[in-house]
Amino acid sequence: MQGLLMLRVHSFLFSVLFLMSCMVCQSETLPKPEIQLASHYAADLDVTDYLVSEKLDGVRGYWTGKQMLTRSGRTVDLPATFTQGFPQYPIDGELWLGRGQFEQISALVRRQETQMQDWQFVSFMMFDLPQHNGSFEQRYLAMQQLAQKVNSVHLHVISQLTFTDNKALFSELDSVVGAGGEGLMLHYRHAFYTVGRSQFIVKLKPKYDAEAVVIGHTAGKGKYTGQVGALTVKTPQGKVFNIGSGLSDKQRQNPPAIGTTITYQYVGFTQKGTPRFATFLRVRSVQ
């Protein structure tokens, strides 16, 4: 009888702890921040109308004025020293460790508990002020002034450049990519901050990134016999195609499961609207 009573007590305590843990997990995700999204570069764009910066390979961060969120609304466990002096209004930017450090910063952002020393080399690179009523040119000036005022080793503004023609623009693209960067971002200097996909902020990369859901696996042939030859994926627009390039031997033996969202690279589209030269990049991390 006593053993049965103890079993019920243990069961009750487990249930309470489980519910509390669920409540904590739920509190870590807030509504998605309303952010501005970039469009792709078009050849007829007049580059003199734009301010141009490097496209950083970090994790999108949105400072609400009180806490840091990812683009999906997940709170980032930052030490108080990191955000000391940050303003009480929103900043749109990038949590960044440096070129070629995406996997490291992504893993850090996903961790539920971190230490102060984990963030010592991380920067929050400002690229916009969502609630500022001025043009991008004016917002850039305001960000420069904010960075000087806060004077933090963690808060910086991404430098913006101007170019006189496309030749100079693409020369800068070659320079950035050659140094390990992702590409360039072009901001229309007279544009206001708008939520959603904007034609006034443009990304220029040698290759573009996109996401698709794995819906199947095709069998490998030749040296890949007995392994996965390609992933069959479906884009949000409903396009179905196979991606075989970019998969490692380990991934061919243990491929991303059906239902997994992956990131791939491509260079333009075919006449049928299928991504051209699609290459597997990585499994999308939950942020």
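Just so you know, residue 1 is the first one in the sequence shown, and it goes up from there.
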Quiz item: Do T235 and E211 come within less than 4.5 Å of each other through their side chains, counting heavy atoms only?
Solution: no
Practice problem: Could you tell me the separation between the CG atom of L204 and the CG atom of L169, rounded to the nearest 0.5 Å? | Solution: 5.5 Å
Exercise. Mind checking the CZ-CD1 spacing from R284 to I262? Nearest 0.5 Å is all I need.
Key: 11.0 Å
Self-check item: Sidechain-backbone polar pair: E94 side chain, M125 backbone, donor-acceptor under 3.5 Å
Solution: no
Self-check item: Neighbour count above 12 (heavy atom, 6.0 Å) for Q84 CD
Solution: no
Self-check item: Check: T263/D209 side-chain N/O donor and acceptor closer than 3.5 Å
Solution: no
Quiz item: Taking the six-membered ring where the residue is Trp, are the ring centres of F124 and W63 under 6.0 Å apart?
Solution: no
Quiz item: Of the non-hydrogen atoms in I158 and S53, which two are nearest, and what is the gap between them?
Solution: CG2-CB, 3.5 Å
Self-check item: Qualifying residues under side chain to side chain donor-acceptor pair (under 3.5 Å), relative to R282, sequence neighbours excluded
Solution: none
Practice problem: Start with the C-alpha distance between F136 and F127, add both sets of side-chain angles, then the distance that settles ring-ring contact (aromatic ring centres under 6.0 Å, His included), and finish with yes or no. | Solution: CA-CA 10 Å; F136 180 74; F127 52 65; 9.1 Å; no
Self-check item: Pairs flagged by ring-ring contact (aromatic ring centres under 6.0 Å, His included) wherever residues 212-263 is involved - sequence neighbours left out
Solution: F241-Y264
Quiz item: Should V240 and I243 be counted in the same cluster of Ile, Leu, Val, Met, Phe, Trp and Tyr side chains packed under 4.5 Å apart?
Solution: no
Quiz prompt | Full working for side-chain contact (heavy atoms from CB on, under 4.5 Å) between V213 and T260 | solution = CA-CA 6 Å; V213 176; T260 300; over 6 Å; no
Exercise. Look at the side-chain heavy atoms of Ile, Leu, Val, Met, Phe, Trp and Tyr, link any pair under 4.5 Å apart, and say whether L155 and Y89 land in one connected group.
Key: yes
Quiz item: Do L161 and L51 have side-chain heavy atoms sitting under 4.5 Å apart?
Solution: no
Exercise. For atom CZ of F170, decide whether the heavy atoms of other residues, nucleotides or ligands shown that lie under 6.0 angstrom number more than 12.
Key: yes
Quiz item: How long is the span from the CG atom in L129 to the CG atom in L141, to the nearest 0.5 Å?
Solution: 10.5 Å
Exercise. Side-chain contact test, heavy atoms from C-beta onward, threshold under 4.5 Å: evaluate it for S198 versus Y188 and give yes or no.
Key: no
Practice problem: Ignoring hydrogens and angles, tell me if any N or O in the side chain of D118 forms a donor-acceptor pair with the backbone of Q115 under 3.5 Å. | Solution: yes
Quiz item: Do E172 and L184 have side chains that get closer than 4.5 Å, going by heavy atoms?
Solution: yes
Quiz item: Considering only heavy atoms from C-beta outward, does the side chain of T48 approach that of T162 to under 4.5 Å?
Solution: no
Quiz prompt | For D165, side-chain contact (heavy atoms from CB on, under 4.5 Å) partners two or more places apart | solution = K167, A168
Quiz item: In terms of hydrophobic clustering (I, L, V, M, F, W, Y; side-chain heavy atoms under 4.5 Å; direct or indirect links), are V176 and V52 co-clustered?
Solution: yes
I'd like a table of donor-acceptor pairs (distance under 3.5 Å, sequence neighbours excluded) in which one partner is a side-chain atom from residues 142-150, with atom names and distances.
unit_1 : atom_1 : unit_2 : atom_2 : d
Q144   : NE2    : Y140   : OH     : 3.3

Quiz item: Should V202 and H40 be marked as a side-chain contact (heavy atoms from CB on, under 4.5 Å) after you check the CA-CA gap, both sets of side-chain angles, and the distance that decides it?
Solution: CA-CA 5 Å; V202 177; H40 287 167; 5.8 Å; no
Exercise. Apply side chain to side chain donor-acceptor pair (under 3.5 Å) to Q227 and list each qualifying residue two or more places apart in sequence or on a separate chain.
Key: none
Quiz prompt | Residues, nucleotides or ligands: over 12 heavy atoms within 6.0 Å of Q117 CD | solution = yes
Exercise. Only counting residues at least two apart or in another chain, list the ones meeting side chain to side chain donor-acceptor pair (under 3.5 Å) with T164.
Key: none
Quiz item: Any side-chain heavy-atom pair from Y41 and Y208 closer than 4.5 angstrom?
Solution: yes
Self-check item: Least distance between heavy atoms, P130 atom then P90 atom
Solution: CD-O, 3.5 Å
Practice problem: Tell me, please, which residues at least two apart from I35 pass side-chain contact (heavy atoms from CB on, under 4.5 Å). | Solution: P33, L37, R60, Y62, R71, D92, Y193
Quiz item: Are the side chains of K234 and K239 in touch, meaning some heavy atoms are under 4.5 Å apart?
Solution: no
Practice problem: State which residues pass side-chain contact (heavy atoms from CB on, under 4.5 Å) with S39; sequence neighbours excluded, sorted by chain then number. | Solution: R197
Quiz item: Does F86 share a hydrophobic cluster with V122, counting links as ILVMFWY side-chain heavy atoms below 4.5 Å and allowing steps through other members?
Solution: yes
Quiz item: Mind checking what makes side chain to side chain donor-acceptor pair (under 3.5 Å) contact with R189, not counting sequence neighbours?
Solution: E137
Exercise. Not counting sequence neighbours, which residues clear side-chain contact (heavy atoms from CB on, under 4.5 Å) with V177? List them please.
Key: L173, P206
Self-check item: Between S106 and R110: side-chain donor-acceptor atoms closer than 3.5 Å
Solution: yes
Quiz item: Between D77 and R111, does at least one N-O distance fall below 4.0 Å, as a salt bridge requires?
Solution: no
Quiz item: Between atom NZ of K66 and atom OG1 of T75, what is the distance when rounded to the nearest 0.5 Å?
Solution: 14.5 Å
Quiz item: Does N133 CG have over 12 foreign heavy atoms under 6.0 Å away?
Solution: no
Quiz item: When hydrophobic residues are tied together by side-chain contacts of less than 4.5 Å, even through go-betweens, does Y266 share a cluster with F280?
Solution: yes
Quiz item: Who are the ring pair (Phe, Tyr, Trp, His ring centres under 6.0 Å) partners of F163, not counting sequence neighbours?
Solution: none
Exercise. Apply the test side-chain contact (heavy atoms from CB on, under 4.5 Å) to residues T114 and F82: give CA-CA distance (whole Å), side-chain angles for both, the deciding distance (0.1 Å), then the verdict.
Key: CA-CA 12 Å; T114 61; F82 188 98; over 6 Å; no
Quiz item: Measuring from H132:NE2 to Q138:CD, what's the distance to the nearest 0.5 Å?
Solution: 6.5 Å
Quiz item: Within a strict 4.5 Å, meaning less than it, do heavy atoms of the H156 and S123 side chains meet?
Solution: yes
Output side-chain donor-acceptor pairs under 3.5 Å for residues 97-105, partner residues at least two apart or in another chain, one line each.
unit_1 : atom_1 : unit_2 : atom_2 : d
R99    : NE     : E54    : OE2    : 3.0
R99    : NH2    : E54    : OE1    : 2.9

Quiz prompt | L247/L231 under side-chain contact (heavy atoms from CB on, under 4.5 Å): CA gap, chis, key distance, verdict | solution = CA-CA 9 Å; L247 291 171; L231 306 176; 4.0 Å; yes
Self-check item: Between OG1 on residue T83 and CD on residue Q67, distance to nearest 0.5 Å
Solution: 10.5 Å
Practice problem: Could you go through the ring-ring contact (aromatic ring centres under 6.0 Å, His included) check for F200 and H187 one step at a time? | Solution: CA-CA 6 Å; F200 297 119; H187 295 261; over 10 Å; no
